[in-house]
Amino acid sequence: MSTTPPAQYQTNGLAIAALVLAIIVPVVGLVLGYVARGQIQRDGSQGAGLAQAAIVIGWVFVAIWAVSFLLLMMTVVGASA
């Protein structure tokens, strides 16, 4: 009778970093989220949810930035006309 410990899966460190950076620097978090998702699919490590959350948060922040930028440009153009 052998007692082998259960397999321990590591959470992908890139997925954790992607989630943190998606809030601070959304574009970097977005890229790292996609890279982490690829690594997780290849090696089967944990953290797919973290990578997916980083991707979603990254895109949301990029969209907010883009809309804000467009509104600012419209305001500047409208004020100068």
Quickly, which of Ile55, Ile40, Ile16 forms a side chain to side chain contact (heavy atoms under 4.5 Å, CB included) with Leu50? Name it, please. Ile16
Is there a continuous path of hydrophobic side-chain contacts, each under 4.5 Å between heavy atoms, that joins [X] to [Y]?
X     : Y     : answer
Val62 : Tyr34 : yes
Val56 : Val31 : no
Val28 : Phe61 : no
Val27 : Trp59 : yes

[X] and [Y]: which non-hydrogen atoms are nearest, and at how many Å?
X     : Y     : result
Ala53 : Leu19 : CB-CD1, 3.9 Å
Ala51 : Gly33 : CB-O, 3.7 Å
Thr11 : Gly47 : CG2-CA, 4.2 Å
Gly58 : Ala22 : N-CB, 4.1 Å

Determine whether Asn12 and Gln46 make a side-chain contact, defined as any pair of heavy atoms from C-beta on separated by less than 4.5 Å. no
side-chain contact (heavy atoms from CB on, under 4.5 Å) against Ile23, all qualifying residues, sequence neighbours excluded: Ile57
Side-chain donor-acceptor distances from residues 63-81 under 3.5 Å, at least two apart:
unit_1	atom_1	unit_2	atom_2	d
Ser68	OG	Ile64	O	2.8
Thr75	OG1	Leu71	O	2.8
Ser80	OG	Val76	O	3.3
Ser80	OG	Val77	O	3.1

